[in-house]
Participant: 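Sharing a structure here in C-alpha cells format.
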Amino acid sequence: MRQSNTYIILYSAAITVVCGGLLAFAAVSLKPQQDANIAMEQKKNILASVLTLKEGDNITEIYNKQVKAFVIDYEGNVVEGMTPEKVIVAAEYKKAPKDRLLPIYEFRNDSNKVEYAVMPVYGYGLWNNIWGFVAVKSDFNTVQGVKFQHAGETPGLGARIESEEIQERFKGKSIFENGSLVSVTIAKGEGNDYSANQHKVDGMSGATLTGKGVNNMLKDYLACYEKYLKKNAGTTKQASL
Amino acid sequence: MSTEAAVAEEVKEKKSEPLLSKKNRKLISNPLDIDNPVTVQILGVCSALAVTTQMKPAFVMSLGLTIVTACSNVAISALRNTIPSRIRIIVQLAIVSLWVIMVDQILKAYVYDVSKQLSVFVGLIITNCIVMGRLEAYAMANKPWPSFLDGMGNGLGYGMILMILAFVRELFGAGSLFGFKVFATLGIPYQGNGLLLLPAGACILLGIIIWVQRSINGYRESH
C-alpha cells in the first residue's frame, strides 16, 4: 500500500499543502516586522552617509526630526503625490535616466536649512547589483560621505566597497568642475595619493572592475540629479551674496 | 518543550525507559566528542569556515542548525512509518526546507543585522550534510524523542566546533569577542592577524582542532 503510486502522489500532495500552508502563515505574520527592519536599515544608511552614528542613537527620532524626503524627476522638479518610500530604486534603475523617479533626502538643521542632501544610487558591479547613497554638503558639490552596498562582489576584493576604509576616501571630493559634472572616480591600482585631485580616489587592488561599476553608477546617477544639484547650488550662492 | 509537557511525558514513558537513560544521554554526548559531525564525520565544513569570523553569527548559526536538525528529526521520526520509501529523500528535503525557511524568516524579523551577516548560509542549512545525514541515519528508524536528542546532540556538536573556531578567529584576528574589544580594553596594543579572518586561516585552524581531538580520543579512520 505504501508503495502504490496513488499513495505516493497523495502523500506528496499532502506534504506540499501542509508545508506551503505553514510557510505562508509564517511569511504573512512576520512581514510587518521584516518591512520595519528594512525601512530602519534604509534610514540608518541615509544618516550614516552624513554623520557618524553612535551606539544607542535613536535613529527614528533623528531621522524624523532632521530629514525631509521627497521625490524629484530628471528636471529637478518635485513630483507631487509620491513619497520616497514608494519608489523602488532598483526598478527605477531599469528605466531610461530621463524617466526615473528620484528620491532625495535632505538633512536639515534646526533652522530648516539644508545641510546635506543624500541621493540614492544604483548600478551594477562585477557580479551583481551595487547600490548606496551619496551625500553632498550644502554647496551641493562637496561629498560629505558615501555608503555602498553590494549583492555579490568578491569578498576581500570588490566587497571592500562596503568597508569604511574605502568609503572614507570619497570624503571631501567634488562632483562639479567649473559648473560641469565630472563625478568622482575610483582609480586603477592602489596605494597612490590622490589628495590633490578633486575627482579621483585611490583604487582597490584586485577590484578594478567593481571600481568601474561604482564609477558608472556614480556618473549615471549624478547625471540624473545634476539639474537638482545645480538649481540648489544656485540658490545657496544667491543667499550667501 | 515546556517543562510540564516534559514531566507528563516522563511519567508516561517511565515504565518502558527513563527519559534521559544512559542510552539517551549518549545521544547528546557522543556527537560532542567521539562522533562529532564536523571533526570526526567531516560534515558541514563549508559553513564552519564561512560564518566563524565573529562569535555572534557563529552562535546564531549554531542555534539555527540545532533547531533545524532537532525539529526535522522529530518531524521525520513521527512520519517515518507513513513515508513511502521511494520518495523519502524528497519528503526529508521538504521538511528540512520548511524549518530552514522558518528560521530564516524569524531571523529576518527579529535579528536583522545577524541575518544580513549570515546571508546565504542560513538557506544553505538545507544542503548541510549533517541535517540530511541524521534524518537518513537516525530519524527514519527511531522514535521521536531519541531522534530529538540525536538532533540536538549533533547540532550542539557542530555548534561547539563553530564556537571554538569563532573564539580563536575573532580574538586573534580582530582582537574582540562578540564585538567587545578585548585587547583595547586591557590596554594591550594588538595588531590583528589577518590570516585568521580569511577562510584559509579557518581551514588551518580546523585542521589543528581535528588533529588535537583525534589524538585525544584515539579515533582512526577505518580503511
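Each chain gets a letter, A, B and so on, in the order its sequence line appears, and its residues count up from 1.
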Participant: More than 12 foreign heavy atoms under 6.0 Å from CZ of B:Phe59: is that the case here?
Facilitator: no

Participant: How about NZ on A:Lys44, more than 12 heavy atoms from neighbouring residues, nucleotides or ligands closer than 6.0 Å, or not?
Facilitator: no

Participant: For the residue pair A:Tyr7 and B:Thr82, establish whether any side-chain heavy-atom pair is separated by less than 4.5 Å.
Facilitator: yes

Participant: Do A:Leu30 and B:Met102 have side-chain heavy atoms sitting under 4.5 Å apart?
Facilitator: no

Participant: Using a 4.5 Å cut-off on heavy atoms from C-beta on, say whether the side chain of A:Ser12 contacts that of B:Ile90.
Facilitator: no

Participant: Contact part of B:Ile87 toward chain A, heavy-atom cut-off under 4.5 Å: side chain, backbone, both or neither?
Facilitator: side chain

Participant: Taking everything shown except A:Glu164 itself, do over 12 heavy atoms lie less than 6.0 Å from its CD?
Facilitator: no

Participant: Does A:Ile88 CD1 have over 12 foreign heavy atoms under 6.0 Å away?
Facilitator: no

Participant: Quick check on A:Lys95: does its NZ atom have over 12 non-hydrogen neighbours (other residues, nucleotides or ligands) under 6.0 Å away?
Facilitator: yes

Participant: Hey, is OH on B:Tyr190 packed in by over 12 heavy atoms from elsewhere, all under 6.0 Å?
Facilitator: yes

Participant: List the atom of B:Ala94, the atom of A:Cys19, and the distance in Å for their closest heavy-atom pair.
Facilitator: O-SG, 4.2 Å

Participant: Indicate the atoms forming the closest heavy-atom contact of B:Lys108 with A:Asn37, along with that distance.
Facilitator: O-ND2, 2.7 Å

Participant: Surrounding CD of A:Glu61 (heavy atoms of other residues, nucleotides or ligands, distance under 6.0 Å), is the total greater than 12?
Facilitator: no

Participant: Under 4.5 Å heavy-atom distance to chain B, tell me which part of A:Leu22 shows up: side chain, backbone, both or neither.
Facilitator: both

Participant: For the atom pair CD1 (A:Ile15) and CD (B:Gln92), what is the distance rounded to the nearest 0.5 Å?
Facilitator: 11.0 Å

Participant: Step through the shown structure and confirm whether more than 12 heavy atoms of other residues, nucleotides or ligands are within 6.0 Å of CH2 on A:Trp131.
Facilitator: yes

Participant: B:Leu197 versus chain A, heavy atoms under 4.5 Å apart: side chain, backbone, both or neither?
Facilitator: neither

Participant: Quick one: what part of B:Leu198 sits under 4.5 Å from any heavy atom of chain A, side chain, backbone, both or neither?
Facilitator: neither

Participant: Quick one: does A:Gln34's side chain have a donor or acceptor within less than 3.5 Å of a partner on B:Gln105's backbone?
Facilitator: yes

Participant: Enter the distance from A:Met40:CE to B:Asp113:CG here, rounded to the nearest 0.5 Å.
Facilitator: 10.0 Å

